[in-house]
Asker: 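The structure follows.
Only heavy atoms go into these numbers, but all of them, side chains included; no hydrogens, no water, no symmetry mates. Numbers here simply count residues along the sequence, with the first being 1. First listed ligand is number 1; within each ligand, the first listed atom is number 1.
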Amino acid sequence: MTELAAGTILGYPRIGRRRELKRAVEAHWRGELEETALERVAADLRRDTRHRLADLGLGRADSAIPESFSFYDQVLDVAAAVGALPERFAHLRRADGTIPLAAYFTAARGEGDVAPLEMTKWFDTNYHYLVPEIGPETHFTLSSDRFARQVAEAVADGFTTRPVLVGPVTFLALSKTTDAAPAARPLDRLDDLLPVYVDLLAALRDAGAEWVQLDEPALVSQSLGYTDDELAAAAARAAEVLASAERRPAILVAAGYGQLSAAAWRALAASPVDAIAVDLIRGSIPAPTAGLASKVLVAGVIDGRNVWRGDLASAADAVDQVARLGAAATVAGTSTSLQHVPYDLDDETELDPRLVSWLAFADQKVRQIATLARGLRDGREAIADEVDAATAALADRRHAAGVRDGAVRDRVAALTPADRIRTPYEVRAAVQGAALGLPVLPTTTIGSFPQTGEIRRARARFGRGEIDADAYEGFLRDEIARVVELQKEIGLDVLVHGEAERNDMVQYFAENLDGFAVTRNGWVQSYGSRATRPSILWGDVSRPTPITVRWSAYAQSLSTSPVKGMLTGPVTILAWSFVRDDQPLSETADQVALALRDEIADLEGAGIAIVQVDEPALRELLPLTAADQPAYLDWSVASFRLATAGAADATQIHTHLCYSEFGVVIGAIAALDADVTSIEAARSRGEVISDVAASGFDHGIGPGVYDIHSPRIPSHAEVTALLERAAAELDVRRLWVNPDCGLKTRGYVETAASLRNIVAAARSVRARATADV
Ligand code: GLN
Ligand code: ZN
């Protein structure tokens with residue numbers, strides 16, 4: 001086995017420091033950039049990454065530098081490499097059966113009637129991967145040489161990099177089956193897939209790779225429909241087949257994103273793989289076990305998912321503890337790929353320098369890894385200065401004003417259970433019914449209206465100081481007036497102001513709450529060419545002044561119909577920010593909840609009778625291990641209730657969840673005790689309606705009737721059919737009529753036409769329903 005560096009990272013951002021890949025890929029999709037030019041942009045990015053990582057202290061020749069580039073998604077990369085794209089893309093293959101870049105992009109994005117692969121969240125992160133479809137018809141065969149070419153490209157540049165691939169067990173465990181047989185599961189195809197990985201490993205070795213990294217985070221999850229033992233057995237089987245390959249690089253199996261199951265840990269240690277990476281940020285030091293003497297262990301001590309400066313003293317201690325497990329060698333590593341954090345703190349010139357001293361983005365984390373590696377080689381004394389500097393920065397953080405705000409803490413400490421309980425639902429429902437005077441099957445939207453180029457331009461000009469606050473404010477008021485007028489004209493029952501003032505449903509609140517900082521260039525890939533800029537929640541959270549009240553109140557002043565106030569819930573604010581790691585999430589969530597509670601009180605004071613608190617991330621943060629789920633559901637529900645339970649009985653609280661797979665969270669959704677919950681349903685053709693009915697959910701419910709992910713305009717007949725299905729299965733007095741989600745990504749033409757059809761359909765179903773009652 002060739003030696004592995006003393007320090008490594010499990011992956012690095014790939015979108016470009018200034019989102020160069022996004023720009024190039026989107027230009028290519030628009031037909032403005034040839035494929036060869038796009039490939040050149042990608043090759044330049046890879047070269048810049050290699051050189052940057054070497055400058056930051058990773059070795060050029062010892063496989064320390066991961067090769068983790070992707071044009072779109074790492075799962076799709078493997079699907080293309082092993083030939084596992086569904087039949088509907090078959091015509092896009094080359095004559096020799098290989099899969100060109102055009103087919104890869106079509107699988108990601110769809111084309112005409114050809115639907116793309118489904119997208120879903122990668123473990124408990126906000127990164128989305130494309131879900132492979134595996135069935136008896138899937139024929140695995142090596143179909144792309146992209147991974148090998150990237151290794152060869154690095155070799156030509158003087159680097160021995162370590163290609164990173166999603167491993168075979170995780171690839172299959174994340175796939176969905178196309179097999180109609182009820183018991184069929186993608187992981188059952190492991191033995192058919194492994195020979196292709198053997199071919200892939202041979203190609204990587206031939207290209208010059210000495211190590212390969214197979215990412216197997218499925219081994220930390222109990223949420224994929226497989227037991228720990230099934231996943232461990234699959235990992236053992238994969239290791240046996242891959243390790244016996246005649247020509248291959250040394251194999252590192254990386255199990256980030258959580259605690260590696262005991263079964264998988266034992267199986268990997270006993271297997272013939274050459275190295276195992278464990279996540280010591282989310283997981284703990286594994287127990288001694290047989291088989292380690294021949295292995296390298298990568299101790300994931302620097303957090304790949306958050307932006308805090310790593311505590312080098314405890315990181316070095318953890319590395320030492322791992323070293324005592326008896327492995328052949330120990331390597332300092334990150335807990336996961338760094339794809340979840342921005343590139344470089346040095347790009348943030350506007351952040352408070354004191355805050356900066358507590359932080360580390362990808363490049364700073366690489367430096368920390370290089371330091372730890374030096375400590376491993378030369379002893380702890382050799383890195384004493386760096387360790388002390390990190391310790392001092394973190395001590396400063398602990399005592400800094402704002403990190404702990406006495407007033408906020410006193411308020412949280414004084415909370416009682418009663419602060420999270422409203423009057424019983426039936427009582428509220430009667431009061432609200434009388435106060436609001438809405439018809440049966442009331443129509444509404446989820447909050448945002450199209451974010452037009454004009455809105456984005458005005459925001460950008462305001463940001464650059466080209467227009468002043470008054471001019472921007474005036475622009476937004478005009479926009480609100482237009483949106484309200486349109487809704488009145490269409491005949492919606494409950495109106496919204498349209499959210500034109502928000503760049504993003506979390507960042508907007510972060511910008512207006514104390515305890516948060518926002519970045520300039522801190523982009524993180526969300527999916528494909530899309531990136532978000534998560535805010536940094538660094539201190540105790542409070543609300544200096546009302547945030548949304550003036551927009552909602554202005555909208556309400558233009559209409560006699562109720563205007564719904566629009567807030568983002570505590571769990572979603574946490575999920576889509578970089579949150580502080582020095583206290584339990586539950587405490588941070590309660591602080592955010594109190595700020596929202598005050599906002600709701602102010603909205604009520606301004607005459608707003610309905611407030612929606614969006615929680616689309618409620619399910620995303622659900623822990624991967626079953627044992628951790630109940631506590632999470634308890635505190636997340638409790639924080640929502642804290643945010644909303646101060647509302648008067650007459651104030652109708654709505655919530656919105658983006659998805660329709662209720663599964664384990666249905667009980668929690670009911671426990672939110674919102675008066676009305678809107679969910680996605682149109683996309684799944686109303687299937688979820690039966691699940692809701694079966695669960696006994698008895699509060700207001702708005703199953704979406706308009707799939708806003710597509711430019712299609714749902715017809716009157718289609719919406720009517722969905723509404724009739726809902727009315728047949730659920731209590732019609734509790735039913736609401738709304739789209740699946742917000743309209744911000746849609747254009748005005750299709751939005752107006754769709755909403756007209758929705759209102760007309762609601763009216764006809766309403767007429768029949770009221771005749772029946
Ligand atoms: N109120 C938000 C909107 O309409 C909700 C978005 C979401 O659920 N992701 O855009
Ligand atoms: Zn949504």
Asker: Counting no waters, what protein N/O/S atoms lie under 2.8 Å from the Zn ion (ligand 2)?
Answerer: H656 NE2, C658 SG, C741 SG
Asker: Do D493 and R763 meet the salt-bridge criterion of a basic N to acidic O distance under 4.0 Å?
Answerer: no
Asker: Any atoms of ligand 1 less than 4.0 Å from a non-hydrogen atom of G447? List them with their elements.
Answerer: 4 (O)
Asker: Checking side-chain hydrogen bond (donor to acceptor under 3.5 Å, both in side chains) for the pair Q74/Y127: CA distance, chi angles, key distance, verdict?
Answerer: CA-CA 11 Å; Q74 63 250 25; Y127 173 76; 3.3 Å; yes
Asker: Taking 4.0 angstrom as the limit, do D602 and R597 come out as a salt bridge?
Answerer: no
Asker: Which atoms of ligand 1 have any heavy atom of K744 under 4.0 Å away?
Answerer: 10 (O)
Asker: How far is atom 2 (C) of ligand 1 from the closest protein heavy atom, and which atom is that?
Answerer: D614 OD2, 3.3 Å
Asker: Can a salt bridge be assigned to the pair E501 and R477 using a cut-off of 4.0 Å between side-chain N and carboxylate O?
Answerer: no
Asker: Using distance alone, determine whether W576 and ligand 1 share an N or O pair under 3.5 Å.
Answerer: no
Asker: Please write down residue, atom name and distance for the protein heavy atom closest to atom 6 (C) of ligand 1.
Answerer: M505 SD, 3.5 Å
Asker: Counting each atom of ligand 1 from 1 as listed, which ones have a heavy atom of C658 under 4.0 Å away?
Answerer: 7 (C), 8 (O), 9 (N)
Asker: Look at the aromatic rings of Y425 and H699 and report parallel, tilted or perpendicular, splitting at 30° and 60°.
Answerer: parallel
Asker: Which ligand 1 atoms are under 4.0 Å away from a heavy-atom of G742?
Answerer: 3 (C), 4 (O), 10 (O)
Asker: Regarding R550 and E473, does a basic nitrogen lie under 4.0 Å from an acidic carboxylate oxygen?
Answerer: yes
Asker: What do you reckon, does I446 have a nitrogen or oxygen under 3.5 Å from a nitrogen or oxygen of ligand 1?
Answerer: yes
Asker: Begin with the C-alpha distance, continue with both residues' side-chain angles, and end with the deciding distance and a verdict on salt bridge (Lys or Arg N to Asp or Glu O under 4.0 Å) for K176 and E118.
Answerer: CA-CA 9 Å; K176 66 178 202 186; E118 208 178 277; 2.8 Å; yes
Asker: Before accepting this row, confirm whether a basic side-chain N of the pair D675/R428 lies closer than 4.0 Å to the acidic partner's carboxylate O.
Answerer: yes
Asker: Which class fits the ring pair Y472 and F462: parallel under 30°, tilted 30 to 60°, perpendicular over 60°?
Answerer: parallel
Asker: Among all protein heavy atoms, pick out the one at the shortest distance from atom 10 (O) of ligand 1; state its residue, atom name and that distance to 0.1 Å.
Answerer: S448 OG, 2.7 Å
Asker: Could you tell me whether H340 and F123 have their ring centroids closer than 6.0 angstrom?
Answerer: no
